[in-house]
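Worksheet for the structure shown next.
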Amino acid sequence: MAAQSGGQETEGRPDGGGPRDESLLTVALAFAANLGIAVAKVVAALITGSASMAAEAAHSIADTFNEVLLLVGLRRSGRPADRRHPLGYGKERYIWTLLVAVAIFGMGALFSYYQGIETLTGHRRAAESGTVVGYAVLAVAFVLEAVSWQQAVRQVRAAARAEDLPLRAYIRRTDEPTSISVLLEDSAALIGLVIAFGGLGLHQLTGSATWDAVGSLLIGVLLTAVALVLGRINLNLLIGSQADPRIVADVRARLGRADEVEWVVDIVTVTFGADRVLVCARLDFRDALTAAEVERACVRMARELRDAHEEIDEVFLEPVPRDDPELRERVIARYGRTLRPRDSGA
């Protein structure tokens, strides 16, 4: 006998409220900034012939395309659950954000490497005119990127404070990668602009296009690093990561404290969307309880867990004997030990 409770509908989750609106604002602002910057950089790259400027133009074009992907992901992941997808579409956001990582590398990093190698080998001659235009475009782009970056930082810091986590820990644990994507993109853009400025300036000062080529290669390395970090974050979310350890510990403690429960045999939590957690637990109930009492206890405990943590969307509780050898092996394989009867989490 297994008891299940999912008393909250998908559209009532935070996906459709303030956090999602904040993500939409962050992405929309980044799209507007990147679109204008991309056009200006393309013109400047054609005028100056700079490999670094061309790499930055490709970077901004990729970022503009990426914001479209993020907007699509936000829209599609917010759809309510249906018969074919009973847990909703929350994980689709991770697919689109993973495509962003691929685009950053494919459209930005590879083109930057190509421009740098072409210039180093002498197959591409950088012009020495129009540098004033290049500097002006880089300066304006820096200001616009800084505006978008500030919005992304504000959202991520606010989310980290709401979770009571340091910024770095929040980035590692978050199940909402959209704002993190924009933050990483804008941070890379600001650093890339400084590199492009240095490459363009050193080329003008020394007359050697090697500096311009090195700038383009460094931008490629920067974008590769961002793509790898973003890809790793979304890969973990797509595989199915455990909920925040603090939630897991509290769920385990609450179930263990229930009067009807003798032993928490197994507990599994899975993140399946932004601020959406699935809880599955196997419990050894007191033998003296009737079937009706076990059913009522399951309903009550599921409600208490959802009330305590708004992230918890679905709860499945299964009565099992704690001495079942197969269950014991599965728990030890997962945790390295069996759970204690009233484990407060460790």
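Computed from heavy atoms alone, side chains included, the values below leave out hydrogens, waters and symmetry copies.
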| said: With heavy-atom distances below 4.5 Å as the criterion, would you say the side chains of Val221 and Leu217 are in contact? | reply: no
| request: Hey, could you give me the CG/CZ distance between Leu238 and Arg93, rounded to the nearest 0.5 Å? | output: 12.5 Å
| message | side-chain contact (heavy atoms from CB on, under 4.5 Å), that's the test. Do Ile195 and Ile219 meet it? Break it down for me. | response | CA-CA 7 Å; Ile195 293 174; Ile219 292 171; 3.9 Å; yes
| task | Look at the side chain of Tyr113 and the backbone N and O of Gly220, then say whether any donor-acceptor pair between them is shorter than 3.5 Å. | result | yes
| field | Residue that, paired with Val182, satisfies side-chain contact (heavy atoms from CB on, under 4.5 Å) out of Asn66, Asp63, Leu70 | value | Leu70
| Which heavy atom of Arg276 sits nearest a heavy atom of Gly90, and at what distance? | NH1-N, 4.4 Å
| remark: One should read off an interatomic distance between Leu98 CG and Leu230 CG, to the nearest 0.5 angstrom, of 8.0 Å
| With distance as the sole criterion, is a donor-acceptor pair present between the side chains of Asn236 and Ser241 under 3.5 Å? | no
| said: Between Arg254 and Asp250, does any side-chain N to carboxylate O distance fall below 4.0 Å? | reply: yes
| Where is the tightest heavy-atom contact between Leu222 and Gly192, given as atom of each residue plus distance? | CD2-N, 3.7 Å
| More than 12 foreign heavy atoms under 6.0 Å from OH of Tyr114: is that the case here? | no
| field | Test item: Gln155 and Glu176 side chains (from C-beta on) under 4.5 Å apart, heavy atoms | value | yes
| message | Do Glu311 and Glu163 have side chains that approach each other closer than 4.5 Å (heavy atoms only, starting at C-beta)? | response | yes
| task | Determine whether Met301 and Leu283 make a side-chain contact, defined as any pair of heavy atoms from C-beta on separated by less than 4.5 Å. | result | yes
| query | Any chance the side chains of Asn34 and Ser60 put a donor and an acceptor closer than 3.5 Å? | reply | no
| message | If you define the side chain from C-beta out and look only at heavy atoms, does anything of Phe142 sit under 4.5 Å from Val194? | response | yes
| message | Which heavy atom of Leu200 sits nearest to which heavy atom of Asp212, and what is that distance? | response | N-OD1, 4.4 Å
| query | Are there more than 12 heavy atoms of other residues, nucleotides or ligands under 6.0 Å from atom CZ of Arg300? | reply | yes
| request: Could you tell me whether Glu260 and Arg286 make a salt bridge, using a distance below 4.0 angstrom between a side-chain N and a carboxylate O? | output: no
| task | Assess whether atom CZ of Arg232 is packed by more than 12 heavy atoms of other residues, nucleotides or ligands within 6.0 Å. | result | no
| query | Can you tell if the side chain of Leu289 reaches within under 4.5 Å of the side chain of Glu262, non-hydrogen atoms only? | reply | no
| Any side-chain heavy-atom pair of Ile312 and Val251 under 4.5 Å | yes
| remark: For Thr269 and Ala243 the tightest heavy-atom approach is OG1-N, 3.2 Å
| Can we say Arg84 and Asp82 salt-bridge, meaning some charged N sits less than 4.0 Å from an Asp/Glu carboxylate O? | no
| query | Do Thr290 and Glu295 come close enough that some side-chain heavy atom pair is under 4.5 Å? | reply | no
| task | May I ask you to check whether Asp186 and Ser148 show a side-chain donor-acceptor distance below 3.5 Å? | result | yes
